[in-house]
Asker: 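Input: one structure, supplied below.
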Protein chains: 2
Amino acid sequence: MSGSRGWETDKRASFYSLDRWLRHARRYRGFHEPSVELHLNLIYTYGVVASHFARRLSAKRLSLSAGNVLMILRESENKGRPLHEIGELLLVSRANITALVDSLERRGLLERVGQEGDRRVRIARITKAGEALLESILPGHYAEIRRIYTVMSSKEKILLSRLLTKLRNNVQRSIESDRERGENT
Amino acid sequence: MSGSRGWETDKRASFYSLDRWLRHARRYRGFHEPSVELHLNLIYTYGVVASHFARRLSAKRLSLSAGNVLMILRESENKGRPLHEIGELLLVSRANITALVDSLERRGLLERVGQEGDRRVRIARITKAGEALLESILPGHYAEIRRIYTVMSSKEKILLSRLLTKLRNNVQRSIESDRERGENT
DNA sequence: TATTGTTATACTCTATAACTATA
DNA sequence: TATAGTTATAGAGTATAACAATA
């Protein structure tokens with residue numbers, strides 16, 4: 001980004017290495033070094049991975065979210081998906097999924113059709129053009145995923161998946177109890 | 001988000017469980033199930049964790065990036081940091097760090113000062129108000145980090161940190177070789 | 001010539017509220 | 001009353017390009 005060359009990888013690595021933080025952070029009762037280090041690593045690694053794939057997708061003029069919409073719709077095949085379901089799957093609000101679907105529909109990558117039986121609902125369905133676009137992306141996409149994760153064994157991948165899932169479920173539980181507490185106050 | 005109640009956790013969990021993808025995905029030569037599953041878990045888990053902390057910070061009218069700027073500046077104490085360095089650490093371009101620092105300066109949380117010796121450079125330095133704001137946030141922040149990661153042992157945390165670091169380094173290497181290839185074409 | 005910071009622009013994403021049409 | 005979708009709006013993030021001041 002920003003067109004600068006020497007990517008300052010060393011500077012960032014030492015920044016995120018946590019040593020620098022300890023002087024201030026140790027003052028806090030709750031501070032727990034392995035947890036904070038893992039937290040920073042999760043955030044930092046996600047950023048690098050996500051921007052790598054976002055850059056690859058941008059060559060096809062797709063954002064990560066837009067790519068995910070097409071993936072969901074291809075998986076649903078010609079049945080399509082109601083817009084609110086797409087939003088739920090991607091953690092995007094109903095209001096915002098409208099704009100996302102709009103932009104993909106304008107490009108002819110999906111179409112909206114009505115649902116018989118409930119006239120409130122609109123179904124988004126992938127078009128031939130949308131499928132063709134995915135076909136041009138996915139071979140390289142899956143190959144790149146495979147490539148970047150070669151730094152771990154399959155056993156490590158499975159363990160890591162399991163730990164991330166446990167973490168996620170724990171956070172979701174606490175989000176829900178936050179909300180309940182918020183609603184009763 | 002979107003004010004809906006029953007967060008559809010089950011629907012999303014089964015969506016990200018990968019089973020649904022296999023029918024299409026197996027067609028691709030590069031497809032490697034444990035890698036793709038881990039990739040989805042990384043993205044999905046980051047989303048849940050990041051939005052949890054973003055919501056907590058928003059109570060103090062700070063974005064994640066804005067909070068990170070203050071953390072960097074507190075760590076630098078009264079020496080402060082040149083704007084371009086902050087941008088490098090946070091993966092934000094020089095153009096965009098200007099707006100971020102602007103908004104924090106308007107609120108009196110940091111100040112810009114000149115650097116003697118190089119009059120191009122401007123240093124951002126945290127103010128007393130900025131430090132006070134951090135002090136009001138960090139005890140709860142560190143406690144919450146500790147809390148959400150209780151689902152793993154310290155040994156697992158260290159292993160996970162190590163694997164994420166290896167992954168990140170690998171992606172950064174490939175970003176750099178992409179760039180070199182791009183520049184020579 | 002290169003670097004630092006700024007301004008400007010455009011697009012995406014997120015969050016909220018209010019509206020409609022249906023159920 | 002609740003749900004599905006839309007419209008509108010505002011703030012934040014990201015990506016580029018062009019520019020002034022300085023090195």
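Just so you know, these numbers come straight off a predicted model, no measurement behind them.
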Asker: Whole-Å distance between C/dT14 P and A/Asn96 CG?
Answerer: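 Value for this atom pair: 7 Å.
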
Asker: Could you give the CG-to-C1' distance, from A/Leu57 to C/dC11, as a whole number of Å?
Answerer: 16 Å

Asker: What is the distance, to the nearest angstrom, from the CG atom on A/Asp102 to the C1' atom on D/dT6?
Answerer: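 The distance from CG of A/Asp102 to C1' of D/dT6 comes to 9 Å, rounded to the nearest Å.
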
Asker: Which one, D/dT22, C/dG5, D/dA15, comes nearest to the side chain of B/Arg122?
Answerer: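 When the side chain of B/Arg122 is considered, C/dG5 is the closest of D/dT22, C/dG5, D/dA15.
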
Asker: C/dT3 base to B/Arg120 side chain: any donor-acceptor pair below 3.5 Å?
Answerer: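 Present.
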
Asker: OP1 or OP2 of D/dG5 sitting under 4.0 Å from any side-chain N/O of A/His84?
Answerer: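 A/His84 to D/dG5 OP1/OP2: side-chain N or O found under 4.0 Å.
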
Asker: Tell me if a side-chain donor or acceptor on A/Ser35 pairs with a main-chain N or O of B/Ile145 at a distance below 3.5 Å.
Answerer: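 The answer is no, because no donor-acceptor pair under 3.5 Å joins these two groups.
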
Asker: Could you check whether any side-chain N or O of A/Ser153 sits under 3.5 Å from a backbone N or O of A/Glu156, counting only pairs where one atom can act as donor and the other as acceptor?
Answerer: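 A pair under 3.5 Å: yes.
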
Asker: Which sits closer to the 5' end of DNA chain D, B/Ala95 or B/Gly117, going by the nucleotide each is nearest to?
Answerer: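 Its nearest nucleotide lies further toward 5', so the answer is B/Ala95.
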
Asker: I need the B/Tyr44 OH to A/Leu90 CG distance, nearest 0.5 Å.
Answerer: 11.0 Å

Asker: Examine distances only and state if a side-chain atom of A/Arg112 and a backbone atom of A/Glu105 form a donor-acceptor pair shorter than 3.5 Å.
Answerer: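 Checking the backbone N and O of A/Glu105 against the side chain of A/Arg112, no donor-acceptor pair under 3.5 Å is found.
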
Asker: Without decimals, in angstroms, what is the distance between A/Ile123 CD1 and D/dA4 C1'?
Answerer: 11 Å

Asker: Can you tell me the distance, in whole Å, between the CD1 atom of B/Ile97 and the P atom of C/dT3?
Answerer: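 Result: 19 Å.
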
Asker: What's B/Arg61 touching, base or sugar-phosphate or nothing? Going by heavy atoms closer than 4.0 Å.
Answerer: nothing

Asker: Give A/Asp118 one of three labels, base, sugar-phosphate or nothing, depending on what nucleic acid heavy atoms sit under 4.0 Å from its own.
Answerer: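 Sugar-phosphate, backbone atoms only, no base.
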
Asker: At 4.0 Å (heavy atoms only), tell me whether A/Leu100 reaches a base, stays on the sugar-phosphate, or touches nothing.
Answerer: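 Touches sugar-phosphate only.
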
Asker: Heavy atoms only, 4.0 Å cut-off, all strands: where does B/Ser58 land among base, sugar-phosphate and nothing?
Answerer: nothing

Asker: Could you tell me whether B/His32 and A/Tyr149 have their ring centroids closer than 6.0 angstrom?
Answerer: no

Asker: Mind calculating the distance between CD (B/Glu85) and P (C/dG5) to the nearest angstrom?
Answerer: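 So the two atoms are 9 Å apart, to the nearest Å.
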
Asker: Within the 4.0 Å heavy-atom criterion, would you say A/Thr98 contacts the bases, only the backbone, or no part of the nucleic acid?
Answerer: base

Asker: For B/Leu90 and D/dA15, what is the distance between atoms CG and P respectively, to the nearest whole Å?
Answerer: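 It is 14 Å, rounded to the nearest whole Å.
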
Asker: What is the distance from CZ of A/Arg94 to P of C/dT14, rounded to the nearest Å?
Answerer: 17 Å

Asker: Establish, with yes or no, whether the OP1 or OP2 oxygen of D/dT6 is under 4.0 angstrom from a side-chain nitrogen or oxygen of A/Arg112.
Answerer: yes

Asker: OP1, OP2 of D/dG13 versus side-chain N and O of B/Ser63: anything below 4.0 Å?
Answerer: yes

